[in-house]
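Predicted model, so just to flag it, every value in this text is computed and none were measured.
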Amino acid sequence: MLKEYRTIRELVGPLMLVQDVQGVTYNELVEIREQSGQIRRGKVLEVNGSTALVQLFESSQGLRMDTSTARFLGRSIELSVSMDMLGRVFDGMGNPKDGGAAIIPDKRMDINGTPLNPAARDYPSEFIQTGISVIDGLNTLVRGQKLPVFSGSGLPHAQLATQIARQARVLGQDSKFAVVFAAIGITFEEADYFISDFKRTGAIEHAVLFMNLANDPAVERISTPRMALTAAEYLAYEKDMHVLVILTDMTNYAEALREVSAARKEVPGRRGYPGYLYTDLASLYERAGRIIGKKGSITQIPILTMPEDDKTHPIPDLTGYITEGQIILSRELHRKGVTPPIDALPSLSRLKDKGIGEGKTRKDHAATMNQLFAAYSRGKDAKELAVILGEASLTDMDKKFAAFSDAFEKRYVSQGYQTERSIEETLDLGWELLKMLPRTELKRIRDDMVDEFLPKSGTEEA
């Protein structure tokens, strides 16, 4: 029988103090029962001697300390998991939000997960096709990787997220693939867009959606990504599925963390965020990966909006330290009408070399990738020079690279949100664009590869 405490002594916003408690642990679930019979839930944030600091999952408005009791449940927040989760929509606490029946669980899992032994990790090495040329061709996503998208306010990261969720697949084998999509602190319109897009395209059949709205409590915002990752761990490591986890928007998550930290009167770190922001983000991101001896895998794409487009802001800065690269959306390309506006040059996938090449994509992948990067960079430099000194200052070769740069953005990067390209189509398109340059300028590709793959018709000769 669980003991009930009538020792609630202080209530400040969503936080309350319960005194004279025994055997209470960090993260333990708490039930607050009011005189009317209404029950509110919370969790233990801190234990100091016989005093527990509890955070409510909802508003404390109307809660009377003198007539309410607290009951500690002896367990942390858990998620009911089963294969029936696929095709369903849940709120940030794991309750069904689509009007369907409650999940009959195979088991209940602690949403905080268990730390992975680094020695048990398998190295990510298998290509995931997203159907988006800039990612597949230049910043390849590898199974088990953490590859965040750095966006800005007003940029179309929502469309990019749904496109990746809709199109992502593992090639070359009959593997079970699922998407776990967690939306954190979004508006009702955004939630409606995500849900309707998943339903319209049929992608919801192999997806689990967790939706946390902007007017939901801050503590729910903190639990939403953990709910999603727990569902992913069940599907990956117990049902042998390859799971892609998309978390949007991690900035809202960090803001909720800051809000709770301020309520606890903790000493703030950079820009008011708690000093443990790095550790907290790492506890989420490091739940991606592959485990030796397990068939399934978890690949993570966290999406975050950089405040004032500032890459040095604590959220993108710390995320960049933990993850293996980043995809950066460009406001300049967005103004030009490039869709999706992915800036190829500062974007980076640190594991791309492990997932490309013969037997994975195609033997010419690495060489064409390097050549496209180099040519696009030189073309951008030539265009910047023309802005300062005028087009007359450019050499004939500079003009060819500038023209290549324009064609690259228009044809390779700007493919729209409904177009899906196979990796072969992406590589062939790269060769088609390289055809605009003299063969002598293709210095990063071996001659035998140029002979084999460069389209013959209309090829310029030096």
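- Of the charged side-chain nitrogens involved, at least one lies within less than 4.0 Å of a carboxylate oxygen, so that Arg331 and Asp309 count as a salt-bridged pair.
- The minimum heavy-atom distance linking Arg421 with Asp136 is given by the pair O-OD2, 4.2 Å.
- In this structure, Arg88 pairs ionically with Asp98, as a charged nitrogen and a carboxylate oxygen lie closer than 4.0 Å.
- With respect to Arg40 and Glu34, a salt bridge is recorded, a charged nitrogen being found less than 4.0 Å from a carboxylate O.
- With respect to Arg271 and Asp317, no salt bridge is recorded, no charged nitrogen being found less than 4.0 Å from a carboxylate O.
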Next item on the list: Would you sort out whether Asp197 and Tyr417 count as a side chain to side chain contact (heavy atoms under 4.5 Å, CB included), showing the intermediate values?
Entry: CA-CA 12 Å; Asp197 190 86; Tyr417 297 111; over 6 Å; no
Next item on the list: Give the intermediate values and the outcome of side chain to side chain contact (heavy atoms under 4.5 Å, CB included) for residues Ile328 and Lys311.
Entry: CA-CA 10 Å; Ile328 295 182; Lys311 291 190 200 69; 3.5 Å; yes
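- Atom CD1 of Ile104 is surrounded by 12 or fewer heavy atoms from other residues, nucleotides or ligands within 6.0 Å.
- Within 6.0 Å of the OH atom in Tyr321, the count of heavy atoms belonging to other residues, nucleotides or ligands does not exceed 12.
- Under a 4.0 Å N-O distance rule, the pair Asp280/Arg258 does not qualify as a salt bridge.
- Figure legend: Arg221 and Tyr253 shown without cation-pi pairing, the cationic atom not lying both under 6.0 angstrom from the six-membered ring centre and within 45 degrees of its axis.
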Please report, to 0.1 Å, the donor-acceptor pairs under 3.5 Å made by any side chain of residues 1-15, with sequence neighbours excluded.
| from | atom 1 | to | atom 2 | distance (Å) |
| --- | --- | --- | --- | --- |
| Lys3 | NZ | Gln22 | OE1 | 3.2 |
| Tyr5 | OH | Gln22 | N | 3.1 |
| Thr7 | OG1 | Gln19 | O | 2.5 |

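- To the nearest 0.5 Å, the span separating CG on Leu348 from CD on Gln326 amounts to 5.5 Å.
- Aromatic ring centres of Phe150 and His313: separated by at least 6.0 Å.
- For Lys43, the NZ atom is densely surrounded, since the number of other residues' heavy atoms within 6.0 Å is greater than 12.
- Around the CD atom of Glu424, the shell of radius 6.0 Å holds more than 12 heavy atoms that belong to other residues, nucleotides or ligands.
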Next item on the list: Could you give me the CA-CA distance, side-chain angles and deciding distance for Glu233 and Lys294, then say whether salt bridge (charged side-chain N to carboxylate O under 4.0 Å, His left out) is met?
Entry: CA-CA 11 Å; Glu233 285 167 352; Lys294 300 274 188 183; over 6 Å; no
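- Summarising the geometry of Gly185 relative to Asn252, their closest heavy-atom pair is O-ND2, 3.0 Å, with the distance given to 0.1 Å.
- Test Ser349, Ser125, Ser297 against Gln145 for side chain to side chain contact (heavy atoms under 4.5 Å, CB included) and you get one pass: Ser349.
- Counting all heavy atoms, side chain and backbone alike, Ala178 lies closest to Leu86 at CB-CD2, 4.1 Å.
- No more than 12 heavy atoms of other residues, nucleotides or ligands shown are found within 6.0 angstrom of CG on Asn48.
- Looking only at side-chain heavy atoms (C-beta outward), Thr368 and Arg362 stay at 4.5 Å or farther from each other.
- When each of Leu29, Val44, Asn112 is tested with Ser76 by the rule side chain to side chain contact (heavy atoms under 4.5 Å, CB included), just one qualifies, namely Asn112.
- Among all heavy-atom pairs drawn from Ser261 and Pro274, the shortest one is OG-CB, 3.6 Å.
- The closest side-chain heavy-atom distance from Leu304 to Thr319 is below 4.5 Å.
- In terms of heavy atoms, Phe194 sits closest to Met211 at CB-CE, 3.7 Å.
- Between Glu78 and Met227, the shortest heavy-atom contact is O-CE, 4.4 Å.
- Within the 4.5 Å cutoff, no side-chain heavy atoms of Thr130 are placed close to those of Gln167.
- Between Glu332 and Arg335 there is no salt bridge, since no side-chain N of the basic residue sits under 4.0 Å from a carboxylate O of the acidic one.
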